Trainee: 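Pasting a structure below so you can have a look.
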Amino acid sequence: MLRLWKWYQNSLAVHPVKTQVISSALIWGFGDIAAQTITHATAKTKSPQDEDKEFKINWKRVATTSLFGFGFVGPVGHFWYEGLDRFMRLRLRLQPNSFWFVANKVAVDGLIFGPLDLLVFFSYMGFSTGKSIPQIKEDVKRDFLPALILEGGIWPVVQIVNFRFIPVRYQLLYVNFFCLLDSCFLSWVEQQEDAPWKQWLKSILPLKEK
């Protein structure tokens with residue numbers, strides 16, 4: 001394990017973007033396998049007739065999710081965390097690891113990158129399954145706000161630890177490991193379709209659709 005970690009560190013030093021892209025693809029792929037396992041277990045619980053149904057991994061979906069990590073999370077995340085850190089230090093002149101440094105990073109990340117990541121994820125997954133643009137809009141409308149609300153209570157805590165204690169070059173790796181859980185969560189949200197709890201979450205928002 002130590003040898004693998006040293007190999008990763010060396011790869012990150014020599015090929016930072018390539019290493020982040022490949023590691024993101026692998027982690028998101030494993031996350032989708034876990035998500036499929038959880039979805040299958042949930043379906044068995046809800047439908048007793050499916051108890052004897054054999055579980056088979058949908059490798060096409062794994063590849064699709066890995067491609068999201070490869071094409072979006074890896075490259076965009078790499079430049080986002082590097083750029084965000086540089087902006088806070090050089091433009092806002094905040095002291096690294098200070099309260100305001102971490103607080104501003106968490107706020108900017110939650111207001112910009114978090115919603116963007118969710119929007120791209122739901123749109124990409126819709127296109128990858130062959131849905132039309134109107135169908136994707138409906139799915140985003142249905143899933144985006146509930147996911148954003150629920151994640152809004154978790155990711156700020158994750159990012160406080162990330163921005164306070166994790167070196168910038170490892171911040172995307174740290175986030176990607178939490179994305180293993182997040183991938184399971186987003187898959188579960190998507191599978192819930194028009195569940196009553198989604199309607200309730202959207203109903204508590206101060207702004208209602210006209």
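Here the structure is a predicted model, which means the values were calculated and not measured.
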Trainee: Measure the spacing between CZ of Phe127 and OG1 of Thr64 and express it to the nearest 0.5 Å.
Mentor: 14.0 Å
Trainee: Please find the pair of heavy atoms, one from Gly29 and one from Ser66, that lie closest to each other, and give the distance.
Mentor: CA-OG, 3.1 Å
Trainee: With ring-ring contact (aromatic ring centres under 6.0 Å, His included) as the rule and sequence neighbours excluded, what pairs involving residues 84-120 come up?
Mentor: Trp80-Phe113
Trainee: Rounded at 0.5 Å granularity, tell me how far CG in Leu173 sits from CD1 in Ile27.
Mentor: 5.0 Å
Trainee: For Tyr170, which residues count as a side chain to side chain donor-acceptor pair (under 3.5 Å) partner, sequence neighbours excluded?
Mentor: Gln9
Trainee: Which residues end up grouped with Ile22 if you chain together Ile, Leu, Val, Met, Phe, Trp and Tyr wherever their side-chain heavy atoms are less than 4.5 Å apart?
Mentor: Leu26
Trainee: Would the number of heavy atoms belonging to other residues, nucleotides or ligands and lying under 6.0 Å from CG of Leu92 be above 12?
Mentor: yes
Trainee: If every non-hydrogen atom of Ile160 is compared with every non-hydrogen atom of Val102, which pair is closest and at what distance?
Mentor: O-CG1, 4.0 Å
Trainee: Strictly by side chain to side chain donor-acceptor pair (under 3.5 Å), give each pair with a member in residues 118-130 just once, sequence neighbours left out.
Mentor: none
Trainee: Is there a side chain to side chain contact (heavy atoms under 4.5 Å, CB included) between Val175 and Val158? Walk through the geometry before answering.
Mentor: CA-CA 8 Å; Val175 166; Val158 172; 5.5 Å; no
Trainee: Which side-chain N or O atoms in residues 71-79 pair as donor and acceptor under 3.5 Å with protein atoms at least two apart or in another chain?
Mentor:
none

Trainee: Any donor-acceptor pair under 3.5 Å linking the side chain of Gln171 with the backbone of Ile166?
Mentor: yes
Trainee: For the residue pair Phe121 and Trp28, does the interplanar ring angle fall in the parallel (under 30°), tilted (30 to 60°) or perpendicular (over 60°) class?
Mentor: tilted
Trainee: Kindly check if the number of other-residue, nucleotide or ligand heavy atoms within 6.0 Å of OH (Tyr174) is above 12?
Mentor: yes
Trainee: Is a donor from one side chain sitting under 3.5 angstrom from an acceptor on the other, for Asp109 and Gln159?
Mentor: yes
Trainee: Which heavy atom in Ile33 sits nearest to a heavy atom in Thr37, and how many Å separate them?
Mentor: O-OG1, 2.9 Å
Trainee: For the atom pair CZ (Phe163) and CG (Asn104), what is the distance rounded to the nearest 0.5 Å?
Mentor: 11.0 Å
Trainee: How close do Phe144 and Pro115 get, heavy atom to heavy atom, and via which atoms?
Mentor: CE1-O, 3.4 Å
Trainee: Show your reasoning for whether side chain to side chain contact (heavy atoms under 4.5 Å, CB included) applies to Leu94 and Lys105.
Mentor: CA-CA 10 Å; Leu94 296 174; Lys105 267 192 167 185; over 6 Å; no
Trainee: Return the minimal non-hydrogen interatomic distance between Asn97 and Arg164, and the atom names on each side.
Mentor: OD1-O, 3.2 Å
Trainee: What's the separation between atom CG in Asp139 and atom CE in Met125, rounded to the nearest 0.5 Å?
Mentor: 11.0 Å
Trainee: Using the side chain to side chain contact (heavy atoms under 4.5 Å, CB included) rule, take Ser23 and Tyr8 through it: C-alpha gap first, then chi angles, then the decisive distance, then the call.
Mentor: CA-CA 9 Å; Ser23 61; Tyr8 176 81; 4.2 Å; yes
Trainee: Establish whether Phe165 and Trp5 are linked, either directly or via other cluster members, by ILVMFWY side-chain heavy-atom contacts under 4.5 Å.
Mentor: yes
Trainee: Measure the NZ-CZ distance between Lys131 and Phe122 for me, rounded to the nearest 0.5 Å.
Mentor: 10.5 Å
Trainee: Would you say Phe68 has more than 12 foreign heavy atoms packed within less than 6.0 Å of its CZ?
Mentor: yes
Trainee: Check for a donor-acceptor pair, side chain of Thr19 on one end and backbone N or O of Pro16 on the other, with a separation under 3.5 Å.
Mentor: no
Trainee: Considering all heavy atoms of both residues, which atom of Val168 and which atom of Tyr81 are nearest to each other, and what is their separation?
Mentor: CG1-O, 3.8 Å
Trainee: Can you sort out the partners of Asn58 under side-chain contact (heavy atoms from CB on, under 4.5 Å), two or more places apart, ordered by chain and number?
Mentor: Gln36, Lys60, Arg61
